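Just below is one structure, and these are the notes that go with it.
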Amino acid sequence: GEDQVAQGVTEDKVLVGNTAATSGFVAFVGEPFKAGMDAYFNMVNEDGGVAGREIEYVHYDDGFDQAQGQTYTQKLIEDDQVFALVGHFGTPTVSTTMEYLDTVGIPRVYYATGISALFNDDAQGGERSSFPVQPIYDAEGEVMVARAVAELDAERIGVIYSNADDGKGILRGIQNRINDLDVTLAAISQVASDADDMSIAAQSMISADVDVVIIAANQGPAATAVRALQDAGSTIPVVTSYVNADATWLTGVSDVVDSGSFNIYANAWIDINENQDDVDLFVQEISKINADYAGNAYAFAGWIAAAAFVEGLERVGEDELTWENYIDAMEEDLVELPFGVVVDYSENRRVGTQAMAFLKAASVDDVAVWETEKPIQTIKDIIGE
Amino acid sequence: MKIEKSQNKILNSISRGFKTNPISGFMLFGLVIASIGILPHFGLIEFGTMGTFAYIVIYTVVALGLNILLGFSGLISLGTAGFVGAGALGTAVFLELGLPFEVAVLLVLLIAGLFGAVIGLFSLKVEGIYLAIATLFVGEILRQIYTQVKIFGGNNKVVRSGEEPGVELLGRFRLTNFLQDDRSTLFIIITVLMTITMILMYNIVKSRTGRALMAMSRSQHAAQAMGVSILKYRLTAFILATMYATFGGVMFALYFQNVSTTEWTLELSLIIIGMVVVGGFKSIYGTFLGAFIIHGVPNLWLNNILGDVSYIFTGVLIIIVIIFYPNGFVYIGHDMRKAFYKIKNFDYKKANLNKKTKQVSDDE
Amino acid sequence: MDILKVTDVDVSYGAIHALKNVNITVKENSITTILGSNGGGKSTLLKSISRLLPLNNGSIEFEDKDITKLSPEKVTQMGIIHVPEGRQIFGDITVYENLMIGAFTVKKGMVSLENIHQDAMTPRIKKLIETNKTSEEEVLLTRKEIIHNNLMRVYDYFPVLKERKDQVAMSLSGGEQQMLAIGRALMGTPKLLILDEPSLGLAPLIVKNIFNILKQLRNDGITILIVEQNALQTLKIADYAYVIRIGDIIKQGKASDMINDPELLEAYLGK
Amino acid sequence: MSDQTLLKLDKLSMQFGGLKAVDELSFSVNEGEIVGLIGPNGAGKTTIFNCITQFYKEYQGNIYFNKEDEMLDLKEYKVTDVINQGLVRTFQNLELIPDLSILDNILIGAHNQFKTGIISHMLKTPKARKEEKILKEKAEEILKFLNIYELKDFYVKGQPYGVLKKIEIARTLMSNPKMIILDEPAAGLNDKETDELQEILYNMKDKYNTTILLIEHDMGFVMNICDRIVAINFGKFLAMDSPQNIQSNPQVQEAYLGKDD
Amino acid sequence: MSDFLRLLFSSLETGSVYALAALGIVLIFRTSKMTNFAQGMIGTINAYIAATLLIDFGINIWFVALIAMVTAFLTGILIDTIIIRPASKVNPISKQIITFGIIMVIVGLLPYISVESLYIPRFIDSEYGINILGAPLRYNTIFIILLSVALMGGMFWFIGYTKWGLATRTTASNETTSKLMGVPTKTVTMVSWAFAAILGTLAAIFVAPRVSVQPNMLLTVQVSAFFAGTLGGFNTFFGPVIGAFIISFARNFTGFYISDIWGNVIVYTLILVFLYFKPYGIFGKKPTTKV
Ligand SMILES: Nc1ncnc2c1ncn2[C@@H]1O[C@H](COP(=O)(O)OP(=O)(O)OP(=O)(O)O)[C@@H](O)[C@H]1O
Ligand SMILES: Nc1ncnc2c1ncn2[C@@H]1O[C@H](COP(=O)(O)OP(=O)(O)OP(=O)(O)O)[C@@H](O)[C@H]1O
Ligand SMILES: CC(C)C[C@H](N)C(=O)O
Ligand SMILES: [Mg+2]
Ligand SMILES: [Mg+2]
């Protein structure tokens with residue numbers, strides 16, 4: 001819609017929604033993510049909303065099914081007439097609806113996925129209504145190589161990547177950067193996301209005598225890969241994705257951390273070590289919904305998604321709340337989010353956050369924890385350009 | 001009382017009409033479903049409902065094919081999802097290569113038929129659970145191909161004729177899933193396609209082919225002695241089933257116009273088997289009913305009412321329906337009629353209900 | 001003494017009323033037969049006794065114990081062994097294994113000396129008898145010994161089963177399968193042996209044999225309840241007979257009387 | 001009855017592992033005859049039928065079948081092709097399709113009478129419709145002949161045994177057979193039904209012009225209906241003769257009938 | 001050489017896990033004439049229980065495994081009593097879909113146990129083991145292999161050579177007639193389900209140290225177990241075990257020496273070709289049918 005007042009907006013209410021997998025095999029992502037969003041919106045509404053409007057949040061459960069995700073996305077926009085999609089969720093649904101959403105031009109703030117298709121450094125027309133926050137996998141891959149070189153003096157890099165979007169995206173990012181940074185990609189090994197035996201991958205890394213192993217995979221497969229490396233007797237340091245930079249994942253590989261066979265590093269686009277106030281607020285609010293989620297990375301993500309949307313609303317403030325105004329407001333200035341996350345939508349950039357912290361797993365009193373090695377930095381900062 | 005009587009009369013004549021002319025029954029059914037594509041324009045239902053029904057319509061076609069295997073031929077396939085994927089992704093790829101939609105579809109169906117024939121040949125040697133798992137191998141191989149081979153686009157494949165979004169039919173009508181009106185048209189088109197596949201299926205199973213398939217599965221020896229070639233009908237069954245599955249995939253591509261490469265999994269194959277089982281073995285309407293129960297009920301109602309526990313509830317629903325209706329929920333009609341007659345102290349023998357209906361639902 | 005009492009038993013399959021308040025009794029150590037036209041409810045009655053079917057009404061007593069509420073396997077464990085209509089052998093296991101599963105319920109127990117087969121006389125049993133560690137007529141055998149003894153007797157009755165013992169049961173000829181079904185039942189040392197059309201598909205010579213075996217079994221103390229199409233021949237060996245039609249017992253009496261009742265034979269048995 | 005040989009077994013042998021189920025067996029059946037095949041359980045009767053109808057192909061010796069004065073070696077035909085030569089069978093253990101109506105079960109016997117293909121069936125072309133109609137009428141006529149016409153729309157499952165046996169016979173008639181071979185058609189029937197079957201087979205021979213070879217243990221039935229009887233034992237030929245002579249044949253008595261009490 | 005041995009040892013461990021899962025599937029196949037797709041999920045939910053006990057109460061892994069066996073046993077009995085038994089008249093294909101319903105129920109229940117993936121350590125810490133030509137062979141691996149081979153042997157003997165084993169086979173073949181033989185068929189199927197659940201849970205606990213406890217932890221294991229059963233033959237108990245080892249070997253070797261992406265596809269295709277020539281697996285026999 002050009003200049004008319006947008007859909008889903010009334011005097012005292014603004015309607016937003018998302019479709020996500022809150023049941024089935026990925027419910028463990030969708031549930032806490034939704035809870036994080038709920039918690040933030042509840043907090044805002046309790047404070048009287050934004051510019052006199054409460055935020056009403058509708059959610060559908062698509063069970064991680066592409067067709068159903070597409071259907072619900074259309075339903076949200078056409079039937080429910082939401083003002084914006086917040087936390088558009090999951091690779092299947094997001095990749096399926098990208099073009100449709102660009103055509104419609106509805107704002108979507110935060111995607112719960114980092115597929116490459118979201119990367120757009122010159123957004124035009126409807127593409128401008130897209131606001132990725134979470135790092136795009138390709139970008140993360142680039143950061144990973146940079147960290148491997150800058151922090152770990154790597155010359156030969158090995159990559160274990162999952163046969164899924166995140167794995168492939170990160171690999172692409174890595175491949176983009178190796179030439180600039182003058183490192184060799186000495187071994188690449190693909191693993192299935194649900195593989196139970198990754199000895200091939202581990203063996204390939206050892207045989208190729210790499211300096212750093214980048215594990216480009218999410219929780220389950222990444223942990224499996226770490227243990228496979230340990231089983232194979234590896235001593236090569238490991239760098240893994242931001243997806244795994246939470247306490248739970250680390251608990252899962254705590255025996256490796258304890259044994260000290262090799263170091264484990266991770267990217268993190270959220271830095272909870274440096275932003276204790278934000279964490280306290282989050283914990284206080286999420287506990288009203290489910291205290292179990294207090295340390296859950298997906299709940300953090302949902303919280304940030306909601307915060308990003310609300311940031312836009314606040315910027316529009318008392319002005320007329322239309323899509324166009326909202327988009328302009330988001331582009332206006334750096335979007336600063338909880339836990340030190342900063343995203344830049346100016347100059348038609350739609351590339352998510354590209355700055356990340358570098359964490360190292362350590363064993364403190366027999367408990368594995370992430371310690372911040374380097375604060376949130378952009379690639380430029382990392383390689384010191 | 002009077003009203004009830006005349007109502008009964010009308011109902012009876014309708015049901016008689018359906019019996020003597022089943023084809024018009026399917027057409028009427030198709031018309032009713034197609035109206036879901038129009039009703040949202042009058043604000044009577046939501047557009048979202050249409051999307052859910054599109055899914056049901058598409059999977060009805062896939063499940064019909066599977067019903068040829070499961071219900072009529074006593075064969076099983078755990079690779080169905082792979083073929084639906086083949087239909088959807090194949091259409092997308094051929095369109096991208098510049099073929100007209102109709103040619104792409106024919107090509108995809110042809111390839112699927114060949115695949116079906118190969119599996120049919122295979123099934124002559126490998127039977128029972130071995131065959132089921134062999135088809136699972138095929139499904140897994142296809143899955144690997146979809147996600148690994150670049151031409152399928154990685155995550156998903158956008159379906160489009162030419163540069164513009166949408167699919168061009170008959171070389172001139174471009175229909176885009178993005179647009180509500182187009183989507184309604186697409187919905188009506190796939191409903192018509194479903195109706196046609198239903199009628200074709202009905203004709204097949206009520207013909208010599210249907211009888212031969214059943215003879216082959218219920219008593220291979222009798223079938224052979226009567227001249228039914230097992231080779232020919234195994235091939236027929238698998239070719240039909242894969243073509244139906246693939247055609248379902250084509251419909252998917254046509255309606256949703258965007259195809260994921262990762263969703264053609266064993267889980268989906270099981271869901272489709274579930275549709276046949278829950279709805280009704282050998283029943284065409286039952287197959288639709290099964291798709292409706294397994295996909296429609298959770299997505300139209302359960303998810304919203306039950307939230308978190310809807311997944312559990314869907315599982316429980318499947319289990320309960322199967323325990324109480326081992327041959328499919330479609331037989332609830334017979335039971336209701338029976339209960340009705342029981343109330344009225346109806347004489348079963350006279351109603352001829354008992355032998356004809358009871359025996360179907362008691363099939364073990 | 002009546003070993004089996006069936007009182008007012010009423011059974012239906014959905015709408016089909018297959019048994020209507022049927023009463024029968026079976027005397028211990030007798031051969032009782034149930035005759036009747038096709039679909040009369042004979043098999044239904046036998047299945048009710050072995051508790052395969054739920055009753056609408058009525059009760060069944062075996063050796064003065066109410067078995068109405070018991071499961072089929074409990075009833076079998078009590079000694080009621082049913083040879084079902086249509087063989088129902090386990091086709092995918094060997095003939096020998098079929099016989100062994102027939103002996104599933106066998107427990108150790110007393111066996112009269114005359115019932116011990118020559119080939120089952122193990123040194124242990126011989127010794128038992130010699131050292132007089134046993135009563136005059138009976139000896140306490142282990143489960144294994146009883147099973148072996150039964151097996152030897154079954155092999156005697158149906159030598160072909162011995163020849164075919166390692167063959168998968170499915171591959172037997174029709175008649176051989178029928179013999180296996182009967183032999184399998186005998187493996188379980190029945191007290192009450194229920195036979196549903198045992199002569200089906202058997203050669204005349206074997207049918208004669210089987211009737212002789214049944215007589216012998218009765219003499220050995222086993223009670224027999226039999227349903228047969230072959231009415232005349234059955235009446236010849238039976239002690240007592242019932243005639244059933246569409247779920248009703250319409251006639252009963254001594255078998256020897258029935259055999260001389262031309263009216264009955266004509267009307268109900270089509271002779 | 002003519003003396004034209006219709007079926008000829010020439011030194012037929014069939015082995016299962018070490019077991020000689022059929023052993024150098026020769027006999028022949030003439031056109032228009034009803035021939036009985038008797039022998040103790042396990043003598044190899046069903047096996048012979050399986051060889052004739054090519055369910056077993058590993059037999060030695062030859063089986064010839066006369067089709068239009070030409071003696072075909074059946075071994076050259078596939079199991080599914082035997083029916084097309086005019087030879088069709090029933091089964092010792094009923095082989096029916098429980099979840100099809102009786103009429104449809106019988107139409108399976110006409111499988112090869114259909115000339116239209118799957119595409120015309122799919123589209124229900126007039127030709128296909130007409131064909132189906134004609135064959136249905138034929139099936140109905142056969143059902144009437146066997147006195148089970150009223151049951152035609154009922155499912156096979158749950159029908160009394162006697163009816164099931166008739167359905168198997170009706171099914172064979174659909175293929176216009178020159179010869180029908182029946183494996184224990186009277187087993188499980190009561191005396192009344194056996195009598196009826198006897199009549200049906202008699203009439204069938206005339207009405208449908210078929211030759212019959214049957215296996216049966218019910219000696220009354222066999223005696224009444226057969227023109228000639230072949231007796232076998234342990235897969236070997238014992239005798240082939242008229243019913244009376246077979247009954248008094250000492251070898252047959254010893255192996256099969258038992259001495260009269 | 002050490003490359004080879006490392007892969008070999010890893011494959012042996014993986015193969016043992018597949019073997020356990022396959023045994024459970026074969027057991028249900030042979031007693032209930034159906035494919036149990038829920039085998040993996042039943043193991044998974046019990047692994048969740050075990051992991052929770054381990055984390056929340058700090059109980060020792062051996063003891064936890066024991067408790068998990070008990071909960072598995074109960075799960076099996078529960079599933080048999082409230083679902084499989086009432087469905088005893090249901091045809092095998094529909095029964096398979098019932099197990100799919102069970103999967104949905106369990107997947108739905110898991111978040112109530114834990115929303116996060118959990119960790120179960122190895123029975124014997126991975127530092128203990130022997131070194132063969134530069135490749136570590138852990139005692140834990142040896143333990144898993146021995147246990148699954150012993151279980152296989154036990155089941156082989158039990159089903160093939162005991163009275164109750166025979167009863168199990170006849171129950172599968174024809175339940176009604178088995179009852180007439182005095183076989184308490186309800187107990188037989190119940191115990192089979194309970195035991196299959198135990199096998200699945202063992203597989204889960206053994207694989208957990210590698211893949212973490214999460215909803216799809218047994219997905220690959222389950223599918224591989226089906227493949228193992230098919231390759232080895234469903235009507236034997238040692239066949240699937242051999243099949244399990246072959247599959248895990250073949251995957252790792254084609255994956256390492258030929259292609260990490262297409263390794264699986266190569267192995268699956270080879271198995272399909274193999275099946276065409278040996279349709280009942282390596283050890284399976286064609287069932288006898290008689291006309
Ligand atoms: N499972 C069943 N479902 C429905 N009806 C049945 C079933 N079994 C038997 N009947 C019906 O119950 C009646 C009695 O059957 P039953 O088998 O007891 O007769 P029968 O005297 O043993 O006959 P036959 O001589 O044919 O063995 C028949 O009308 C039969 O059709
Ligand atoms: N597939 C097979 N494998 C092994 N032995 C077999 C097989 N088929 C049949 N036999 C054996 O061959 C012999 C002949 O069997 P067949 O079925 O021909 O007998 P039959 O004469 O028809 O007997 P009945 O009158 O009892 O039906 C039998 O002893 C049987 O056990
Ligand atoms: C489970 C999902 C929310 C995350 C996953 N990486 C995806 O992109 O789909
Ligand atoms: Mg009966
Ligand atoms: Mg025979």
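Order of the sequence lines fixes the chain letters, A, B, ..., with proteins taken first and strands second; residue numbering starts at 1 for each chain. Since the structure is predicted, the reported quantities are computational estimates derived from the model, not experimental observations.
Between the CE atom in M226(B) and the CD1 atom in I108(D) there is a gap of 9.0 Å [rounded to 0.5 Å]. With rounding to the nearest 0.5 angstrom, the CG atom of N203(B) is 7.5 Å from the CG atom of L123(D). Rounding to the nearest 0.5 angstrom, the gap separating the CD1 atom in I119(D) from the OG1 atom in T209(B) is 9.5 Å. The distance from the CZ atom of F55(D) to the CD atom of Q220(B) is 8.5 Å, given to the nearest 0.5 Å. Interatomic distance, NZ of K124(D) versus CG of L200(B), reported as 12.0 Å (0.5 Å rounding). The distance from the OG atom of S207(B) to the CE atom of M122(D) is 9.0 Å, given to the nearest 0.5 Å.
Within a 6.0 Å sphere centred on NZ of K75(D), other residues, nucleotides and ligands contribute more than 12 heavy atoms. Heavy atoms from other residues, nucleotides or ligands lying under 6.0 Å from CD of E68(D) number 12 at most. Other residues, nucleotides and ligands place no more than 12 heavy atoms under 6.0 Å from the CZ atom of F324(B). For F27(D), the CZ atom sits in a packed shell: over 12 heavy atoms of surrounding residues, nucleotides or ligands are nearer than 6.0 Å.
Neither the backbone nor the side chain of S101(D) comes within contact range of chain B, judged by heavy atoms closer than 4.5 Å. There is no contact between V82(D) and chain B, counting heavy-atom distances below 4.5 Å. Neither the backbone nor the side chain of D81(D) comes within less than 4.5 Å of any heavy atom in chain B. For a residue to count as touching a neighbouring chain, one of its non-hydrogen atoms must lie under 4.5 Å from one of that chain's; by this rule S217(B) does not touch chain D.
Most heavy-atom pairs under 4.5 Å with chain B, from the set R171(D), R89(D), M174(D), E131(D): that is R171(D). The residue among V205(B), V228(B), I230(B), I204(B) with the most heavy atom pairs within less than 4.5 Å of chain D is V228(B).
Of all heavy-atom pairs between A225(B) and F91(D), the closest is CB-CZ, 3.7 Å. The shortest non-hydrogen separation linking F114(D) to R211(B) is CZ-NH2, 3.1 Å.
R218(B) pairs in a side-chain contact (heavy atoms from CB on, under 4.5 Å) with only one of the listed residues (N105(D), L100(D), D99(D)), which is D99(D).
Counting only heavy atoms from C-beta outward, the side chains of L96(D) and S219(B) never approach each other to under 4.5 Å.
For R208(B) (side chain) and H111(D) (main-chain N/O), a donor-acceptor pair under 3.5 Å exists by modelled atom type.
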